[in-house]
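Comments concern the structure below.
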Amino acid sequence: MTDDEIRSRFDGRGMVEIRGGELIKARAEPIAHALGYRLVSTETRRPATSLLGYRGPATLGLFFRRDDDPRARRRAEQTIERLRAGGPLLVDHAARTPGAAPAVIPAPASAALGVSPVRPGVSPACTP
């Protein structure tokens, strides 16, 4: 199941069910969060029949509920606006994460701001 197929399931309904393997869970959870849903239940199913003693892989049932908290609704609105503008479904939050490497400020912008450019892994004493 592709990200677009997963995304299409989160269409504003109160409850959404997605079935698949562990990889589906890893992809569906961040997509659901971005679209204002939260995982409320996970169900594991194994095939009842066996072939030569092997029962096959388990199937997960993921159950999501729409989160009506104003922050979740705003997050969903921002995601939809970004998709309509041709942007990505998921945003890389590394720049917002505390402890992440500092962003590089281009030299012309840093000069206008009166600061020296910051380069990860380079001592400020070594910058021109």
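A quick note: this is a predicted structure, and the numbers were derived from the prediction, not measured.
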Determine whether Glu43 and Glu17 satisfy the following criterion, side-chain contact (heavy atoms from CB on, under 4.5 Å), listing intermediate values before the conclusion. CA-CA 10 Å; Glu43 179 182 282; Glu17 178 183 356; 5.7 Å; no
Taking distance alone, no hydrogens or angles, what donor-acceptor pairs closer than 3.5 Å link side-chain atoms of residues 21-32 to residues at least two apart or in another chain?
from, atom 1, to, atom 2, distance (Å)
Arg27, NE, Asp3, OD1, 3.0
Arg27, NH2, Asp3, OD1, 3.3
Arg27, NH2, Asp3, OD2, 2.5

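- Between the side chain of Arg73 and the main chain of Gly36, a donor-acceptor pair closer than 3.5 Å is present.
- Residues that satisfy the side-chain hydrogen bond (donor to acceptor under 3.5 Å, both in side chains) test with Arg38, not counting sequence neighbours, are absent from this structure.
- Between Arg66 and Asp68 a salt bridge is recorded (basic side-chain N to carboxylate O distance below 4.0 Å).
- Salt-bridge formation is detected for the pair Arg13/Asp11: a Lys NZ or Arg NE/NH1/NH2 atom is positioned less than 4.0 Å from an Asp or Glu carboxylate oxygen.
- A 4.5 Å side-chain heavy-atom check between Phe64 and Leu35 finds every atom pair outside the cut-off.
- Formation of a donor-acceptor pair under 3.5 Å by the Arg45 side chain with backbone atoms of Leu60 is not found in this model.
- Side chains of Leu83 and Glu81 form no contact here, defined as non-hydrogen atoms less than 4.5 Å apart.
- Within the 4.5 Å cutoff, no side-chain heavy atoms of Val16 are placed close to those of Arg65.
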Candidate pair Arg19 and Leu62, rule side-chain contact (heavy atoms from CB on, under 4.5 Å), full reasoning: CA-CA 6 Å; Arg19 294 210 174 271; Leu62 306 171; over 6 Å; no
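- Using a cutoff of 4.0 Å between basic side-chain nitrogens and carboxylate oxygens, Glu5 and Arg7 are not scored as salt-bridged.
- Judged purely by atom type and a 3.5 angstrom limit, Tyr37 has no side-chain atom pairing as donor or acceptor with the backbone of Gly14.
- No side-chain heavy atom of His33 sits under 4.5 Å from any side-chain heavy atom of Asp67.
- No path of Ile, Leu, Val, Met, Phe, Trp and Tyr side chains, each step under 4.5 Å between heavy atoms, connects Ile6 with Phe63, placing them in separate hydrophobic clusters.
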